Protein chains: 2
Amino acid sequence: MQPEEIAARLQEFEDICRQKGLPVTTQRRVILEAILQRDDHPTADQIYEAVQDRIPQLSRTTVYRTMETLLELGVIRRVHLTGATGRFDGKIRRHHHLVCMHCNKIIDIDDESLDQLPLPKRKLQGFEVDDFSVQFAGTCPDCQKKRK
Amino acid sequence: MQPEEIAARLQEFEDICRQKGLPVTTQRRVILEAILQRDDHPTADQIYEAVQDRIPQLSRTTVYRTMETLLELGVIRRVHLTGATGRFDGKIRRHHHLVCMHCNKIIDIDDESLDQLPLPKRKLQGFEVDDFSVQFAGTCPDCQKKRK
DNA sequence: CTCCGTGCAAAAGGTTTGCACTGGT
DNA sequence: ACCAGTGCAAACCTTTTGCACGGAG
């Protein structure tokens, strides 16, 4: 990400915090900056390490907690919208998923028109692509009710 | 999944095992059957629990190991092709991912034509859909080399 | 009969929680 | 000054590993 874009995103973050009355702490700013500076989808632990040279006494706990905060603010995203644990699927033919961003429920979608999406190129950035799947992010009926 | 389809899949599994010289054990069959019977993308632990009433002495260890075996055989899939830990992303605008099935590396794809895919309906199975992302599964350049 | 798969127990990670203290508002 | 945020340590949960035994080929 470009330096200007990072600066803009940090600014946006501070604005949101002020607006919501959340303290803008050094830790939060440094952690967010560390995420914005990389594009390799780091884990909380990788962020912790990346931040060590700037604030050596910053704790893992804070990284984990800050991640949650940043997610709630919508400033970052979880890449794979599941919780922490690995999930398996007995369906091996192409299909797609509807994921609830609030409770992480996953529902299958079978939709032929989605399946037709052409594999763009045989090779994409050097990858050999075998298959694809579309993930829709949203709010499930149960969580819609709870929100009210 | 329909009972006939489950039976067919179990049969297919046994064929693959025989072909590869892998023992067809009761545990493997029961675990696979448990996965096929549900469509809620269970974790290894949920499978462990589901299987308790059929083989109470079956251990968690076996479930974890069997999952890996079934994945290698291509009989089941990992839903979100990452490893176990949660990953984060500083990019919040729509973009897509290329995931290596072997090392779980994740690379971003920015492709406007993919972004244009229309959100099928405002509501999909009662979900309020906010966004989507396409995941391509394949083999990254590094892992292609290693294979040879 | 041989070897791989399994079970148990223990280790290794990764993530969360409780409590006292610090720092932003 | 007040209260949310932080750090530390310990708890917790999930996953992996080492070793001896048992069952499938």
Side-chain angles (χ1 to χ4, degrees), chain A residues 10 13-35 41-52 54-73 75-76 78-88 104, chain B residues 10 13-35 41-52 54-73 75-76 78-88 104:
Chain A
L10 284 168
F13 159 69
E14 296 191 15
D15 293 345
I16 297 176
C17 286
R18 299 244 157 70
Q19 186 188 321
K20 302 209 175 189
L22 258 69
V24 179
T25 64
T26 315
Q27 288 89 333
R28 281 178 179 162
R29 231 179 306 111
V30 170
I31 290 172
L32 175 55
E33 196 175 351
I35 303 171
H41 313 89
T43 62
D45 244 60
Q46 289 172 317
I47 289 297
Y48 169 71
E49 278 169 38
V51 153
Q52 281 309 294
R54 299 198 42 193
I55 311 184
Q57 71 276 25
L58 193 154
S59 74
R60 266 196 185 75
T61 313
T62 300
V63 176
Y64 280 97
R65 280 193 281 226
T66 301
M67 293 313 219
E68 289 306 319
T69 308
L70 296 177
L71 283 171
E72 276 166 34
L73 295 178
V75 182
I76 63 169
R78 222 188 272 281
V79 172
H80 292 143
L81 303 132
T82 67
T85 48
R87 301 182 104 96
F88 303 91
N104 291 325
Chain B
L10 283 168
F13 159 70
E14 296 191 15
D15 294 345
I16 297 176
C17 286
R18 299 241 159 69
Q19 187 188 321
K20 302 211 175 189
L22 257 71
V24 179
T25 64
T26 315
Q27 289 89 333
R28 282 178 178 160
R29 231 180 306 111
V30 170
I31 290 172
L32 176 55
E33 196 175 351
I35 302 171
H41 314 88
T43 62
D45 243 61
Q46 290 173 316
I47 289 298
Y48 169 72
E49 278 169 38
V51 153
Q52 282 309 294
R54 298 198 43 193
I55 311 183
Q57 72 276 26
L58 194 154
S59 74
R60 266 195 184 74
T61 314
T62 300
V63 176
Y64 280 96
R65 279 193 283 228
T66 301
M67 293 311 220
E68 289 306 318
T69 308
L70 296 177
L71 283 172
E72 276 165 34
L73 295 178
V75 183
I76 63 169
R78 222 188 272 282
V79 173
H80 292 146
L81 304 129
T82 69
T85 49
R87 300 182 105 95
F88 302 91
N104 291 324

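Chain naming here is simple, since letters A, B, ... match the order of the sequence lines and numbering starts at 1 in each. Predicted, not measured: the structure shown is a model, and the values here were computed from it.
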### Task
Determine to 10° how strongly the helix from C:dC1-D:dG25 to C:dT25-D:dA1 is bent, judged from the axes of its five-pair ends.
40°
Go through [options] for me and flag the one nearest to the [X] side chain.
X       : options               : value
A:Arg65 : C:dG7, C:dT16, D:dT6  : D:dT6
B:Thr66 : D:dT15, C:dT6, D:dT6  : C:dT6
B:Ala44 : C:dG7, D:dT15, C:dG24 : D:dT15
A:Thr61 : D:dG18, C:dT6, D:dC8  : D:dC8
A:Arg18 : C:dA9, C:dT25, C:dT17 : C:dT25

Under-4.0 Å side-chain N/O to phosphate OP1/OP2 contact, [X] with [N]:
X       : N      : value
A:Gln27 : D:dG7  : yes
A:Thr25 : C:dG23 : no
B:Ser59 : C:dG7  : yes

### Message
With heavy-atom distances below 4.5 Å as the criterion, would you say the side chains of A:Thr61 and A:Tyr48 are in contact?
### Response
no
Take atom [atom1] of [X] and atom [atom2] of [N], then tell me their distance rounded to the nearest Å.
X       : N     : atom1 : atom2 : answer
A:Met67 : D:dT6 : CE    : P     : 13 Å
A:Phe13 : D:dG5 : CZ    : P     : 10 Å
A:Leu22 : D:dC3 : CG    : C1'   : 12 Å

### Query
Looking for any heavy atom pair under 4.0 Å, which part of the strands does A:Arg28 touch: base, sugar-phosphate only, or nothing?
sugar-phosphate
### Summary
Walking DNA chain C from its 5' end, the first of B:Leu58 and A:Asp45 to be reached, judged by nearest nucleotide, is B:Leu58
### Nearest-nucleotide 5' precedence on DNA chain D, B:Glu68 against B:Val24
B:Glu68
